[in-house]
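Just the heavy atoms: all of them, side chains too, but no hydrogens, waters or symmetry mates, feed the values below.
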Amino acid sequence: QVQLVESGGGLVQAGGSLRLSCVASGGTLTTYFMGWFRQAPGKERAFVAAINKSGGGTYYADSVKGRFTISRDNAKNTVYLQMNSLKSEDTAVYYCAANRYYGADANPSRYAYWGQGTQVTVSS
């Protein structure tokens, strides 16, 4: 059973960049589809980006397309989320998640494994 730990969150000014990392342990990352989700205060958890097992297919929410990039390094058991041109509305707790069977899916209910989250705060 895979365990996920996110890092890289913090406080950044609008227009700035952050790179989030998600390190997996207890399982081989190549067997999992991976996703990033976020949850702002008072809102439901929302899809941000997802990537297939090989890294050859990536998918993004419209709100982050062109600004965020998801990638994975299976040799390091790590998934990344590069976030550029950050906006105040990107402020949220960011979670990485893994699923073995449902693909690079935007539906959070498809993911069985979740990290604890990392806070991203964008000041305007």
Item to check | Chi angles and distances behind the side chain to side chain contact (heavy atoms under 4.5 Å, CB included) call for V79, I70 | outcome: CA-CA 7 Å; V79 177; I70 187 172; 4.1 Å; yes
Within the distance-only criterion (no hydrogens, no angle test), does the side chain of [X] pair as donor or acceptor with the backbone N or O of [Y] below 3.5 angstrom?
X	Y	value
N99	G103	yes
Y102	F33	no
N52	G55	yes

Checklist entry - Would you say V64 and V93 are hydrophobically clustered, going by side-chain heavy atoms of ILVMFWY under 4.5 Å? => result no
Checklist entry - Under 4.5 Å between side-chain heavy atoms, hopping through other hydrophobics if needed: is there a path connecting M34 to V2? => result yes
Salt bridge (charged side-chain N to carboxylate O under 4.0 Å, His left out): pairs with one or both residues in [range], sequence neighbours excluded:
range	value
residues 114-124	none
residues 21-31	none
residues 48-62	D62-K65

Just so I know, are the side chains of [X] and [Y] near enough to count as touching, which here means a heavy-atom distance under 4.5 Å?
X	Y	answer
T78	S21	yes
F68	V48	yes
V5	Q3	no
R19	M83	no
S71	Q82	no
Y59	I51	no

Next on the checklist: Using a 6.0 Å distance limit plus a 45 degree cone around the ring axis, check whether R38 lies over the aromatic ring of Y95.
Outcome noted: no
[X]: which residues meet the side chain to side chain donor-acceptor pair (under 3.5 Å) condition with it, sequence neighbours left out?
X	answer
S109	N107
S85	none
K43	none
R67	D90

Checklist outcome for this item: Correct closest heavy-atom pair for A106 and P108 would be O-CD, 3.3 Å
Next on the checklist: So which atom in Y32 and which in A98 form the shortest heavy-atom distance, rounded to 0.1 Å?
Outcome noted: CD2-CB, 3.8 Å
Taking distance alone, no hydrogens or angles, what donor-acceptor pairs closer than 3.5 Å link side-chain atoms of residues 112-124 to residues at least two apart or in another chain?
from: W114; atom 1: NE1; to: Y111; atom 2: O; distance (Å): 3.1
from: Q116; atom 1: NE2; to: E6; atom 2: O; distance (Å): 3.3
from: T118; atom 1: OG1; to: G9; atom 2: N; distance (Å): 3.2
from: Q119; atom 1: NE2; to: A92; atom 2: O; distance (Å): 3.4
from: Q119; atom 1: NE2; to: T121; atom 2: OG1; distance (Å): 3.3

Checklist entry - What's in the same ILVMFWY side-chain cluster as Y80, cut-off under 4.5 Å, chained through other members? => result none
Checklist outcome for this item: The complete set of disulfide bond (SG atoms under 2.5 Å apart) pairs with one or both residues in residues 26-61, sequence neighbours excluded, reads none
Please report, to 0.1 Å, the donor-acceptor pairs under 3.5 Å made by any side chain of residues 22-31, with sequence neighbours excluded.
from: T31; atom 1: OG1; to: T28; atom 2: O; distance (Å): 2.7

Item to check | All ring pair (Phe, Tyr, Trp, His ring centres under 6.0 Å) counterparts of F47, not counting sequence neighbours | outcome: F37
